[in-house]
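For reference, the structure is listed below as structure tokens.
Throughout, protein chains are lettered first and strands after them, A, B, ... in sequence-line order, and every chain is numbered starting at 1. Just so it is clear, the values below take in all heavy atoms, side chains as well, and ignore hydrogens, waters and symmetry mates.
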Number of protein chains: 2
Amino acid sequence: MPPKIKSPEEREKLRLLILDSARTLFVERGIEAVSMREIAKQINYSATTLYHYFADKDALLQALCDADFLALANGLREIMKIPDLLARIHALFNGYAQFAFQHPNHYRLMFMTPRTPCNLETTQIQQGNTEQDAYAQLKLVVFEAFDAGLFKPEFNDFELIAQTLWASIHGVCSLEITLGHETWIQWPSLEMRLNTMQNAILQGLLR
Amino acid sequence: MPPKIKSPEEREKLRLLILDSARTLFVERGIEAVSMREIAKQINYSATTLYHYFADKDALLQALCDADFLALANGLREIMKIPDLLARIHALFNGYAQFAFQHPNHYRLMFMTPRTPCNLETTQIQQGNTEQDAYAQLKLVVFEAFDAGLFKPEFNDFELIAQTLWASIHGVCSLEITLGHETWIQWPSLEMRLNTMQNAILQGLLR
DNA sequence: TTTATAAATTAACAATGTTAACTTAACGAC
DNA sequence: GTCGTTAAGTTAACATTGTTAATTTATAAA
């Protein structure tokens with residue numbers, strides 16, 4: 001029974017409800033549990049209704065992803081206020097890792113699952129906007145440090161430095177997520193691994 | 001028409017045929033193309049036959065994965081013969097990366113896809129055996145360098161060092177595989193990214 | 001009151017992983 | 001040689017998936 005004509009606000013509300021339902025399933029039971037029918041059942045709609053709000057499953061996942069990128073950027077925004085430059089870099093490192101381990105399923109979807117390249121028309125995120133884009137935040141900090149001459153002179157491309165820093169944390173996080181439960185590897189504590197990476201890579205890059 | 005009683009060799013042959021068929025589909029069309037029916041059709045068997053050789057799809061994938069771990073270890077074995085220690089470490093770095101980009105789908109399955117922890121009873125690979133286990137090879141080299149006192153004294157756990165090195169390359173490789181085609185990131189060349197990581201992390205760790 | 005349309009639903013399609021039931025042919029025992 | 005037994009396969013079926021077409025329902029406008 002369709003109570004007709006939804007105001008734009010109501011439409012948006014249902015859109016968010018769908019995303020929330022998907023997120024719940026996703027977080028609780030992993031990506032393989034996210035079926036269109038299950039998402040719909042959880043909010044008492046039929047599966048077809050979802051297709052009036054998202055073109056297909058990929059589009060829905062992409063939208064989820066967008067929201068998560070925003071969440072990450074928001075989480076890091078506080079950190080960006082730390083005055084001391086090096087302290088800020090360390091805090092960014094840790095903040096990023098914390099996000100990864102608090103939301104491993106989101107992290108997987110965002111950074112470990114190849115998907116059709118982000119459609120710049122479709123996505124809500126303004127890439128490069130420091131408010132919304134975590135990578136832009138990282139670049140900002142790195143540029144500041146670069147400008148202050150903190151890096152060894154051989155590292156002379158600040159974008160390359162930023163990506164190296166990113167890859168180093170991402171390496172630790174994603175190995176933990178995929179292989180962290182393998183018993184044939186003697187993992188030291190996650191904290192030690194993160195600290196070691198942090199110290200090693202920064203000592204390598206900084207003067 | 002079942003020509004009866006297969007010798008153990010013949011059974012093994014079909015097992016390998018199935019794995020090969022799966023691998024082909026996998027490499028050509030990505031992981032989502034690997035359906036039991038397709039694998040079977042390609043070698044003119046019915047899908048059910050596959051279940052006489054593998055418990056389920058996961059087991060088949062796991063077996064594929066095992067074979068790929070062996071392939072990686074084999075590829076690195078030549079490198080392990082390089083006499084100079086540092087040259088060997090650099091070559092390991094590059095050999096690993098080369099494997100990742102020559103077989104991105106395999107790499108994804110091996111290191112970027114969470115799966116049920118490797119069943120030590122089921123798997124063919126002898127973990128810790130340098131002949132078969134790439135991680136064991138890395139540990140060996142790192143231990144040698146550790147023993148020779150090449151690392152800064154603050155890095156005093158050679159397993160932790162090995163994992164840090166691993167995570168650093170893996171970070172570059174897996175970011176490339178998942179996000180390498182995103183246009184909103186200005187990627188320098190892959191080679192530069194790999195070299196930068198290599199230089200930075202080794203400078204950080206080495207005396 | 002009629003009509004057009006937004007919002008939702010039911011029914012159906014083809015593809016998937018997987019299992020049960022059945023067929024066929026070769027081997028060992030007599 | 002004939003007769004079970006059993007390995008090696010197949011076909012048929014089930015439940016679940018993403019997705020689309022056809023249909024219903026209730027409201028807003030005429």
Protein-nucleotide distance (B:K57, atom NZ; C:dT16, atom P), rounded to Å: 9 Å
With sequence neighbours excluded, residues passing salt bridge (charged side-chain N to carboxylate O under 4.0 Å, His left out) with A:E9: none
Lys/Arg N to Asp/Glu carboxylate O, B:R23 vs B:D68, below 4.0 Å: yes
B:L14, nearest nucleotide to its side chain (from C:dT18, D:dT19, D:dG9): D:dG9
Residue pairs fulfilling ring-ring contact (aromatic ring centres under 6.0 Å, His included) with at least one residue in residues 71-94 of chain B, sequence neighbours excluded: none
d(CG, A:L61; C1', D:dG18) in whole Å: 12 Å
N or O in side chain of A:R11 less than 4.0 angstrom from C:dA6 OP1/OP2: no
Contact list for DNA chain C against residues 21-41 of chain B - heavy-atom distance below 4.0 Å: B:V34, B:S35, B:M36, B:R37
Stepwise side chain to side chain contact (heavy atoms under 4.5 Å, CB included) check, A:C173 with A:E176: CA-CA 5 Å; A:C173 294; A:E176 164 65 18; 5.8 Å; no
Under the side-chain hydrogen bond (donor to acceptor under 3.5 Å, both in side chains) test, residues paired with B:E12 that sit two or more places apart: none
Passing candidate, side chain to side chain contact (heavy atoms under 4.5 Å, CB included) with A:T164, options B:I201, B:T196, B:L194: B:T196
Integer-rounded Å distance: C:dA8 C1' and A:I18 CD1: 12 Å
Length of the CZ-C1' vector between A:R15 and C:dA8, whole Å: 19 Å
Under 3.5 Å donor-acceptor pairs involving side-chain atoms of residues 97-105 of chain B, not counting sequence neighbours:
| residue | atom | partner | partner atom | Å |
| --- | --- | --- | --- | --- |
| B:N105 | OD1 | B:R108 | NH1 | 3.3 |
| B:N105 | ND2 | B:F26 | O | 3.1 |
| B:N105 | ND2 | B:V27 | O | 3.3 |

Length of the CG-C1' vector between B:D56 and C:dT19, whole Å: 12 Å
Parallel, tilted or perpendicular: rings of B:Y135 and B:W166 (30°, 60°): tilted
Ring center gap for A:Y107 and A:F111 short of 6.0 angstrom: yes
Nucleic acid contacts of residues 46-55 of chain B, taken as heavy-atom distances under 4.0 Å to DNA chain C: B:T48, B:Y51
Atom pair distance, as rounded to whole Å: CD in B:E10 and P in D:dA8: 9 Å
